Asks: 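Following this message is one structure expressed as structure tokens.
Being a predicted model, the structure only gives us computed values, none of them experimental.
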Amino acid sequence: VLKDSATAFVDLLWDENGIGINAYDQDPHPIMDVAVAGTPGGGGGRDAAIAAIAAHASNPSGYTAIGDGIELARSKLDSAPGIWDAKAMIVLTDGIETAGKYIAEVADSVIDNRVFAIGMGTAEQIQPAALDALTSGTGGYLLMTGNIGPDETFLLEKYYVQILAGVNNSDIVVDPEGHARPGVIDRVPFDVTESDAEITA
């Protein structure tokens with residue numbers, strides 16, 4: 001689920017966006033420094049990020065040191081080459097901190113850009129307070145997946161797309177309720193105005 005959703009996020013980056021990647025368990029693991037996404041297949045940051053995501057292997061027995069992860073992310077954002085209109089951090093976690101550094105240890109010195117947190121699981125399974133501490137007052141927000149079932153296959157992917165729209169100051173069209181049925185064509189109209197610079201469907 002993580003690999004599929006994160007890959008979709010990278011696919012939808014604007015060419016001039018930048019992206020960097022970290023992993024964290026007992027310690028932070030730098031995966032990729034911030035690089036300009038560039039055109040698909042052009043050998044830029046987008047292609048490098050897709051390859052890094054595909055190569056990622058989670059450590060199920062690893063501890064969760066969220067403070068370590070965001071501290072490294074902040075360092076990468078600070079040292080990112082070029083001039084950026086906005087910088088943001090996306091943190092995907094269950095929010096259950098089991099190793100230092102902890103969020104409380106680093107939050108004041110690390111969190112000064114927008115932070116978006118995606119909690120994997122229900123409010124009972126994760127620690128919403130920890131994730132709220134990441135996002136509160138940053139201009140970002142917290143999203144929780146709930147239980148991932150057959151009807152929520154693309155939920156995490158949608159969250160990533162929603163966050164990307166927020167970072168790029170774009171709007172999204174909210175999905176209608178319902179199911180796609182075999183052999184049935186459903187048409188869902190939506191409004192477009194002259195001021196809309198681009199539409200991605």
Side-chain angles (χ1 to χ4, degrees), residues 1-10 12-14 17-25 27-32 34 37 49 53 56 58 62-80 84-148 152 154-172 174-175:
V1 172
L2 168 62
K3 287 186 175 184
D4 288 346
S5 60
T7 300
F9 172 81
V10 176
L12 292 171
L13 289 171
W14 294 3
N17 285 157
I19 183 169
I21 303 173
N22 299 330
Y24 55 93
D25 40 47
D27 298 299
H29 307 290
I31 305 297
M32 175 186 154
V34 176
I53 292 165
H56 175 70
S58 295
Y63 290 102
T64 304
I66 301 173
D68 273 342
I70 63 174
E71 191 173 56
L72 179 58
R74 164 66 188 275
S75 174
K76 284 190 175 183
L77 288 173
D78 286 348
S79 62
W84 303 94
D85 293 334
K87 295 180 180 181
M89 190 184 306
I90 303 172
V91 183
L92 177 69
T93 181
D94 61 6
I96 300 174
E97 300 181 273
T98 56
K101 297 178 179 174
Y102 294 87
I103 294 170
E105 293 179 67
V106 301
D108 289 344
S109 60
V110 168
I111 300 175
D112 65 348
N113 295 299
R114 276 187 292 179
V115 179
F116 299 89
I118 302 176
M120 288 284 287
T122 66
E124 294 75 27
Q125 295 166 334
I126 66 176
Q127 295 291 326
L131 300 181
D132 185 61
L134 282 173
T135 61
S136 182
T138 70
Y141 46 79
L142 162 63
L143 297 165
M144 289 185 290
T145 64
N147 288 317
I148 300 291
E152 290 82 26
F154 301 107
L155 182 62
L156 189 55
E157 184 175 319
K158 290 177 185 178
Y159 282 172
Y160 272 118
V161 173
Q162 180 178 329
I163 290 169
L164 181 62
V167 170
N168 285 320
N169 197 28
S170 301
D171 291 315
I172 60 172
V174 179
D175 288 343

Asks: What closest approach, in Å, do P128 and A123 show between heavy atoms, and which atom pair accounts for it?
Replies: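 What the structure gives for the nearest pair is CD-O, 3.7 Å.
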
Asks: Would I70 and M89 count as a side chain to side chain contact (heavy atoms under 4.5 Å, CB included) here? Give the steps.
Replies: CA-CA 8 Å; I70 63 174; M89 190 184 306; 3.6 Å; yes

Asks: Please verify the inter-ring angle class for Y141 with F116; under 30° counts as parallel, over 60° as perpendicular, anything in between as tilted.
Replies: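 Perpendicular, since the angle between the ring planes exceeds 60°.
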
Asks: If every non-hydrogen atom of A117 is compared with every non-hydrogen atom of L134, which pair is closest and at what distance?
Replies: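 Result for this residue pair: CB-CD1, 4.4 Å.
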
Asks: Which value, rounded to the nearest 0.5 Å, describes the distance between L155 atom CG and K158 atom NZ?
Replies: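 Going from CG on L155 over to NZ on K158, the span is 7.0 Å.
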
Asks: Looking at OH of Y159 and CD1 of I118, how far apart are the two atoms once the value is rounded to the nearest 0.5 Å?
Replies: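 Between atom OH of Y159 and atom CD1 of I118 there are 8.5 Å.
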
Asks: Show every donor-acceptor pair shorter than 3.5 Å between a side-chain atom in residues 96-107 and any protein atom, with sequence neighbours excluded, or say none if there are none.
Replies:
unit_1	atom_1	unit_2	atom_2	d
E97	OE2	I103	N	2.6
T98	OG1	T64	N	2.7
K101	NZ	E71	OE1	2.9
K101	NZ	E71	OE2	3.2
E105	OE2	Y102	N	2.8

Asks: How long is the straight-line distance from OG of S136 back to CG of L142, given to the nearest 0.5 Å?
Replies: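 Answer rounded to 0.5 Å: 10.5 Å.
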
Asks: Might you work through the side chain to side chain contact (heavy atoms under 4.5 Å, CB included) test for L164 and F9, ending with a clear yes or no?
Replies: CA-CA 7 Å; L164 181 62; F9 172 81; 3.7 Å; yes

Asks: Tell me, do M32 and I19 make a side-chain contact under 4.5 Å, heavy atoms counted?
Replies: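 M32 vs I19: side chains touch.
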
Asks: Could you state the interatomic distance from CE (M120) to CG (L156), rounded to the nearest 0.5 Å?
Replies: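 Reported value, rounded in 0.5 Å steps: 5.5 Å.
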
Asks: Are the side chain of D78 and the backbone of S75 linked by a donor-acceptor contact shorter than 3.5 Å?
Replies: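 Not at all, since once roles are kept as given, no pair shorter than 3.5 Å links the two residues.
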
Asks: So which atom in V115 and which in T138 form the shortest heavy-atom distance, rounded to 0.1 Å?
Replies: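 Minimum heavy-atom separation between V115 and T138: N-OG1, 3.2 Å.
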
Asks: Does some side-chain heavy atom of Y24 sit less than 4.5 Å from a side-chain heavy atom of I66?
Replies: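 Sidechains of Y24 and I66: in contact.
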
Asks: Should T122 and M144 count as side-chain neighbours, where that means a heavy-atom distance under 4.5 Å?
Replies: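 Result no, sub-4.5 Å side-chain heavy-atom pair not found.
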
Asks: Return the minimal non-hydrogen interatomic distance between I126 and G119, and the atom names on each side.
Replies: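 For I126 and G119, the tightest heavy-atom pair comes out as CD1-CA, 3.9 Å.
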
Asks: For A6 versus Y160, what's the shortest heavy-atom pair and its separation?
Replies: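 Of all heavy-atom pairs spanning A6 and Y160, the closest is N-CE1, 3.9 Å.
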
Asks: Taking all non-hydrogen atoms of both residues into account, name the closest pair between L77 and K87 and its distance.
Replies: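 Result for this residue pair: O-NZ, 2.6 Å.
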
Asks: Taking the side chain as C-beta and beyond, is there a heavy-atom pair between S170 and W14 under 4.5 Å?
Replies: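 They are in side-chain contact.
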
Asks: Would K76 and N22 satisfy side chain to side chain contact (heavy atoms under 4.5 Å, CB included), going step by step from the backbone distance to the final call?
Replies: CA-CA 9 Å; K76 284 190 175 183; N22 299 330; 2.7 Å; yes

Asks: Does the R114 side chain pair with the main chain of G140, one donor and one acceptor, at a distance under 3.5 Å?
Replies: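 No; zero donor-acceptor contacts below 3.5 Å.
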
Asks: How long is the gap from NE2 on H29 to CG on D68, to the nearest 0.5 Å?
Replies: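 Result: 9.0 Å between the selected atoms.
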
Asks: Does the side chain to side chain contact (heavy atoms under 4.5 Å, CB included) test come out yes or no for L131 and T135, once each step is laid out?
Replies: CA-CA 7 Å; L131 300 181; T135 61; 5.9 Å; no

